[in-house]
Undergrad: 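Here it is, the structure, as structure tokens.
Values below: every heavy atom of this structure, side chains too, minus hydrogens, waters and symmetry copies.
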Amino acid sequence: MAFRKHLAGGISMGAVTIALASLATPAFAQDADANPSTSEDDNVILVTGFRASIDTSVEKKKDNTSIVEVVSAEDLGKLPDLSIAESLSRLPGLATQRLDGRANVVSIRGLAPDFTTTLLNGREQVSANNNRGVELDQYPSELLNGAVVYKTPDAMLIGQALGGTIDMQTVRPLSYAKRQLVIGVRGELNDLGKLNPDISDKGYRANFSYVDQNADGTLGWAIGYARMQSPTQEERWNAWGYPNLDADTQVIGGAKPYVKSNKLKRDGLMGVLEYEPNDKFHATLDGYWSKFNDDQRLRGIELPLQWSAASLQPGYTESGGLVTSGQFNGVEAVMRNDVVHRKSEIFAGGLNTEFAASDTLKFELDVSYSKLKKTEENLEIYLGTGRGGGVGATDNLGFTMPADGGVITFDPTIDYSDPDLFVITDPQGWNSCGGTVPNCQDGFVNRPRIKDRLQSIRLQAIQSLDSFVETVTVGANYSDRRKQLIDEGFVLTHSDYPADTPVPSEYLFDPVSLGFIGIPGMVAFDSWRFYNDGNYDLTSEALWTPGRLTNSYVVNEKVLTGFVQANFNSGPVRGNAGVQVVHTDQSADGYAAFNPGGGTIATPITDGDKYTHVLPSMNISFEFAPEAYLRFGAARMLARARMDQLNPGVGYGFNAANNIPGAGINNSPWSGTVGNSKLRPLLANTVDVAVEKYFGRGGYVSLGGFYKYLDNWIYRQNDIFDFTGYPTPGNVTPTFNYGIVSQWKNGRGGRLQGLEGSFSLPFGTFSSSLDGFGVLGSGSYTHSRVREGGAAPISMPGLSKWVLNGTVYFEKNGFQARASARYRSKFLAEVSGLSLARDRVMARSETVIDAQIGYTFQDGMLEGLGVVLQGSNLTNEPFITYYNNDIRQVRDYQNYGRNFMAGITYKF
């Protein structure tokens, strides 16, 4: 079946084998029954599992013409990483960004997740954030049979992207030779312990998978279920920033350290029904559902320092233009007992049918539907010593900064664990509820909501030819996507306002330690229960803050893609060539909003555009010597603008003082910040070259390079905007209708290039006495040069110049042991701010080390039973971001601790 074979793709050995670095037993056979094994009757040593999957990958690579990377399960339900993101993180040229200690999103070849398309069984997936990058921790690895990463596209690949395309795959039951049933259970423990009293440091995982078929092998079915409750504990140091103390010296402006505990619950369900009654007809119906609940408790203290009424005392120490120790007097702390509830639910399903009209002509129809709903409730509950700034007890707070950056420690002079001192109030006067209620913010709740829906239909015909061109495929794909973000936020005012109220004793916990910053304890209470018991009045911030409306949007995209592809084969030369014609009809709804002083005024707006692009592609594989291949790929590729950039929202102001006769563009009364629903995609011309040499069973070396020339880049630029018809304060008549605004625009482009190398060395190839031992490794170097206007070249989001992976392993006679490490150099990270907004900040380099050891019984009563012990983040590597290109100016220091798992699996 042409489409299925295209989905499965080939396997880029350079990527494949490093995926084996996965501590969770990833391997590379596409199907469990595909693992090569031979009997003693053939006088060949039996090879199964991990090593067999490497062998299978090598063979698949030889048959492939595109440059791809692959991770596959060595057996049913046997990709036991936390998610498929963890497994992908070990492939050459791929790097993940961690969130709460787990791999969350993937960058390919230095391009951020927004430049990557994620598919499931060849169909584009919706995303849980406010843009396009799919959060892969939503997908349990136990329910996936693997994933193929296309680094070079072909014309049949729908959803190709600038960085690459990830195609996750579920099982196909008719490829299994017999019934299989797998059950697995694991316990999990975090070594930081229980940092908050209401979230455990222990968790578990359980999975069940079943594959079977009827007696004549024409109908097959598969079902899988995975349940996870994973503990995450985190000591987190966060700085507001580092303002200037004087012309030559900077000092910390404020801090927000806290301890954070997560209870991550995820349920996943997968089902496949496959029917092939004869060689004329084949149908596959598959569905995937996942529910993801993230329950968090965050307890900490905001410490306003230089950016407050607090004063830095004489006698401070300075090094390299940064104050490294000293004392602030008059520090008025804001104590926080915060809660986050994040819920996300995904469904994806599709029907694929094939019909052979003749021996040489096949037709294929594929229809699919996926949807996502995500809700968040980010609750902030404040305690302080008095209502409003300059009221109540203050601290004379000493501080010391580590020499190389990191967590600043404090020496307090007041007792932060005293519930009579720290009471329910608005300690800093952060809000006046639009000027109507002074010091009204005793807390806050953000409630962003996302809905994403995508449906598509694909029809293609495959004609076989008896010539140099083996097959020609002609087809079309139509997709319709609608994504909505609603941004809501509410000020919480305690029902006893304006009184300062102690926390009722029935809600109090024992004090929580902030010992990692030098504060032995803080007031802790059940703020979630207190909030839900009706103790706060809620006031919508949108009444006076236009940004709540201008951040909300609906984006619609209707894309029709026609394609033709020829696959050719002539002895040592194989490949494909083709073209896509992509027509896009995009539109978006948003708001134009401003506050003239008496409250928010908003007007709905709609905008959009239509355009067509032609995307040719070609891949060639040339066997220039036995088992040695030269690969070449060239293509024109696109990546659509981010969803939040397509938001047409207009946040604007009107300065009545400039509303005078004769006003022009340079003294216009209008100003604003604007989205752009007419943005065109990023386009690039790309070239890839790779050389690969194979030897023995499972051995190879690979070296490749790529070059991408970006026609354009999207960034904010000053532009002239027509405000005709927009409301004005008091409905005055504008004397001039144009203004200069900051707007997302397509601008000049740049280039991206890199080198990638990888290897697999099974030691048994060199000496039979070393059979079972092996090593895998990969490394990539990526460089970019992209400018935003006439400015200096920027750091591209997600780009680490160096990404390195390595694994050493032993597997034989049921025993297996592996250790792996992955390194990425510093990069520009994109982290979530308020209401899912993007913040960009540099992240320090990191090295993450994982290991596992296990044994699977080969015979006897316990045959099929496996036991495993795993450890992740064994060196307790923190995730660190920093300001101003100075690693001492830490923005976030996130210490996740080590996670240990022990469990069993049983295969019937």
Side-chain angles (χ1 to χ4, degrees), residues 82-85 99-105 118 120 125-140 143 196 198-200 203-206 225-232 234 260-270 287-298 337-349 369-381 443-454 482-490 492 526-532 538 548 551-554 643-644 831-837:
L82 184 66
S83 70
I84 192 64
L99 173 68
D100 298 332
R102 65 186 186 272
N104 174 246
V105 293
T118 300
L120 180 63
Q125 293 295 285
V126 292
S127 57
N129 59 34
N130 63 332
N131 281 290
R132 300 183 186 275
V134 172
E135 296 182 350
L136 292 168
D137 51 1
Q138 182 90 37
Y139 296 86
L143 300 184
N196 283 285
D198 36 358
I199 297 287
S200 175
Y204 67 90
R205 300 175 64 186
Y225 172 74
R227 165 85 172 186
M228 178 190 71
Q229 182 169 306
S230 180
T232 299
E234 180 182 332
K260 178 180 179 182
S261 302
N262 290 35
K263 181 171 67 176
L264 184 64
K265 295 172 63 176
R266 185 186 62 201
D267 291 280
L269 183 65
M270 173 274 300
Y288 172 84
W289 171 85
S290 176
K291 186 175 183 180
F292 187 98
N293 291 341
D294 191 4
D295 186 11
Q296 304 179 10
R297 297 294 186 273
L298 306 89
N337 279 250
D338 294 357
V339 178
V340 174
H341 283 293
R342 183 178 296 126
K343 298 181 180 180
S344 180
E345 187 171 1
I346 284 179
F347 171 78
Y369 177 82
S370 64
K371 67 176 181 179
L372 174 139
K373 181 180 180 180
K374 180 179 181 180
T375 60
E376 290 195 19
E377 193 157 23
N378 301 325
L379 177 68
E380 303 174 4
I381 298 293
F444 200 91
V445 59
N446 281 287
R447 290 179 180 169
R449 290 175 285 157
I450 290 175
K451 290 183 178 180
D452 200 353
R453 184 264 300 154
L454 177 64
R482 181 184 189 273
K483 183 153 192 169
Q484 179 184 41
L485 169 65
I486 298 175
D487 180 18
E488 291 184 321
F490 299 88
L492 305 183
D526 192 343
S527 55
W528 180 245
R529 182 163 65 95
F530 187 74
Y531 164 71
N532 281 288
L538 278 68
R548 289 292 174 179
N551 289 343
S552 302
Y553 59 80
V554 176
M643 295 288 188
D644 60 346
V831 297
S832 291
L834 290 178
S835 303
L836 304 179

Undergrad: Does any donor atom in the side chain of Asp294 or Asn262 lie under 3.5 Å from an acceptor atom in the other side chain?
TA: yes
Undergrad: Going by distance alone, is a donor N or O of one side chain under 3.5 Å from an acceptor N or O of the other, for Tyr553 and Asn130?
TA: no
Undergrad: Which atom pair, heavy atoms only, marks the closest approach of Val134 to Val126?
TA: CG2-O, 3.7 Å
Undergrad: What do the steps show when you test Glu376 against Lys374 for salt bridge (Lys or Arg N to Asp or Glu O under 4.0 Å), and what is the final call?
TA: CA-CA 7 Å; Glu376 290 195 19; Lys374 180 179 181 180; 3.5 Å; yes
Undergrad: Among residues at least two apart in sequence or on other chains, which ones pass side-chain contact (heavy atoms from CB on, under 4.5 Å) with Ala348?
TA: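 Per chain and number, Ala348 pairs via side-chain contact (heavy atoms from CB on, under 4.5 Å) with Leu120, Gln125, Ser370.
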Undergrad: State the OG1-NZ distance between Thr232 and Lys260, to the nearest 0.5 angstrom.
TA: 8.5 Å
Undergrad: Nearest 0.5 Å please: distance from the CD atom of Glu234 over to the CD atom of Gln296.
TA: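 Answer for the CD-CD pair, Glu234 versus Gln296, is 8.5 Å.
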Undergrad: Stepwise, does the side chain to side chain contact (heavy atoms under 4.5 Å, CB included) test hold for Met270 with Tyr225?
TA: CA-CA 6 Å; Met270 173 274 300; Tyr225 172 74; over 6 Å; no
Undergrad: Hey, mind stepping through Val339 and Leu298 against side chain to side chain contact (heavy atoms under 4.5 Å, CB included) and telling me if it holds?
TA: CA-CA 6 Å; Val339 178; Leu298 306 89; over 6 Å; no
Undergrad: Are Leu492 and Ile381 packed together at the side-chain level, in the sense that at least one heavy-atom pair is separated by less than 4.5 angstrom?
TA: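 A side-chain contact exists here, since the closest heavy-atom pair is under 4.5 Å.
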Undergrad: Are any of the side-chain heavy atoms of Val105 and Leu136 separated by less than 4.5 Å?
TA: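 Heavy-atom side-chain distance check fails, nothing below 4.5 Å.
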Undergrad: Do Arg449 and Glu488 sit within salt-bridge range, that is, some charged N less than 4.0 Å from a carboxylate O?
TA: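 Judged by the 4.0 Å cut-off on N to carboxylate O distance, Arg449 and Glu488 do form a salt bridge.
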Undergrad: Is there a side chain to side chain contact (heavy atoms under 4.5 Å, CB included) between Ile450 and Leu372 once you walk through the steps?
TA: CA-CA 8 Å; Ile450 290 175; Leu372 174 139; 4.1 Å; yes
Undergrad: Quick one: does Tyr288's side chain get under 4.5 Å of Pro140's, heavy atoms only?
TA: yes
Undergrad: For Gln229, what residues pass the side chain to side chain donor-acceptor pair (under 3.5 Å) criterion, not counting sequence neighbours?
TA: none
Undergrad: Can you give me the closest heavy-atom contact between Ile346 and Tyr139, atom names plus distance?
TA: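 Distance-wise, the nearest heavy atoms are CD1-OH, 3.8 Å.
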Undergrad: Measuring from Ile199:CD1 to Ser261:OG, what's the distance to the nearest 0.5 Å?
TA: 6.5 Å
Undergrad: How would you list, by chain and number, every residue that makes a side chain to side chain donor-acceptor pair (under 3.5 Å) with Tyr369, sequence neighbours excluded?
TA: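 Scan of Tyr369 (side chain to side chain donor-acceptor pair (under 3.5 Å), adjacent residues dropped) gives none.
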Undergrad: Might you point out which heavy atoms bring Leu143 and Leu269 nearest each other, and give the distance in Å?
TA: CD1-N, 3.5 Å
Undergrad: Are the side chains of Asn293 and Arg266 in touch, meaning some heavy atoms are under 4.5 Å apart?
TA: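 A side-chain contact is absent here, since even the closest heavy-atom pair is not under 4.5 Å.
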Undergrad: Check whether any side-chain heavy atom of Lys265 sits under 4.5 Å from a side-chain heavy atom of Arg227, and report yes or no.
TA: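 Of all side-chain heavy-atom pairs linking Arg227 with Lys265, at least one is under 4.5 Å.
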Undergrad: Is it possible for you to check whether Arg447 lies under 6.0 Å from the centre of the six-membered ring of Phe490, through NZ or CZ, and within 45° of that ring's axis?
TA: yes
Undergrad: Indicate the atoms forming the closest heavy-atom contact of Pro448 with Leu485, along with that distance.
TA: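 Minimum heavy-atom contact is CB-CD1, 4.4 Å.
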Undergrad: Under the side chain to side chain donor-acceptor pair (under 3.5 Å) rule, collect the residues that match up with Ser552, sequence neighbours excluded.
TA: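 Not a single residue meets the side chain to side chain donor-acceptor pair (under 3.5 Å) criterion with Ser552.
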Undergrad: Verify side chain to side chain contact (heavy atoms under 4.5 Å, CB included) between Asn378 and Asp338, making sure each step is shown before the conclusion.
TA: CA-CA 8 Å; Asn378 301 325; Asp338 294 357; over 6 Å; no
Undergrad: Using ring-ring contact (aromatic ring centres under 6.0 Å, His included) as the criterion, list what pairs up with Tyr531, not counting sequence neighbours.
TA: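 With sequence neighbours excluded, Tyr531 shows a ring-ring contact (aromatic ring centres under 6.0 Å, His included) to Trp528, given in chain and number order.
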Undergrad: Once side chain to side chain donor-acceptor pair (under 3.5 Å) is applied, do any residues pair with Ser344, and if so which ones, sequence neighbours excluded?
TA: Gln138
Undergrad: CG/Leu264 to CZ/Arg342 distance, rounded to the nearest 0.5 angstrom?
TA: 9.5 Å
Undergrad: State, yes or no, whether a side-chain contact exists between Asn129 and Glu135 at a heavy-atom distance under 4.5 Å.
TA: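 Contact flag for Asn129/Glu135 side chains = yes.
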Undergrad: Any donor and acceptor pair, going by atom type alone, linking the side chain of Asp526 with main-chain N or O of Phe530 inside 3.5 Å?
TA: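 Flag not set: sc Asp526 to bb Phe530 has no pair under 3.5 Å.
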Undergrad: Run the salt-bridge test on Asp198 and Arg297 with the 4.0 Å N-O cut-off and return the result as yes or no.
TA: yes
Undergrad: Less than 4.5 Å apart, any side-chain heavy atom of Val445 and any of Glu377?
TA: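 Yes - at least one pair of side-chain heavy atoms lies under 4.5 Å apart.
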Undergrad: Compare all side-chain heavy atoms of Phe292 with those of Asp267 and state whether any distance is below 4.5 angstrom.
TA: no
Undergrad: At their closest point, which heavy atom of Asn131 faces which heavy atom of Lys483, and how far apart are they?
TA: O-NZ, 2.7 Å
Undergrad: Strictly by modelled atom types, are Asn551 and Asp487 linked by a side-chain donor-acceptor pair under 3.5 Å?
TA: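 Yes, Asp487 and Asn551 have a side-chain donor paired with an acceptor closer than 3.5 Å.
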Undergrad: Can you name the nearest heavy-atom pair linking Asp452 to Ser127, along with the distance?
TA: OD2-N, 3.1 Å
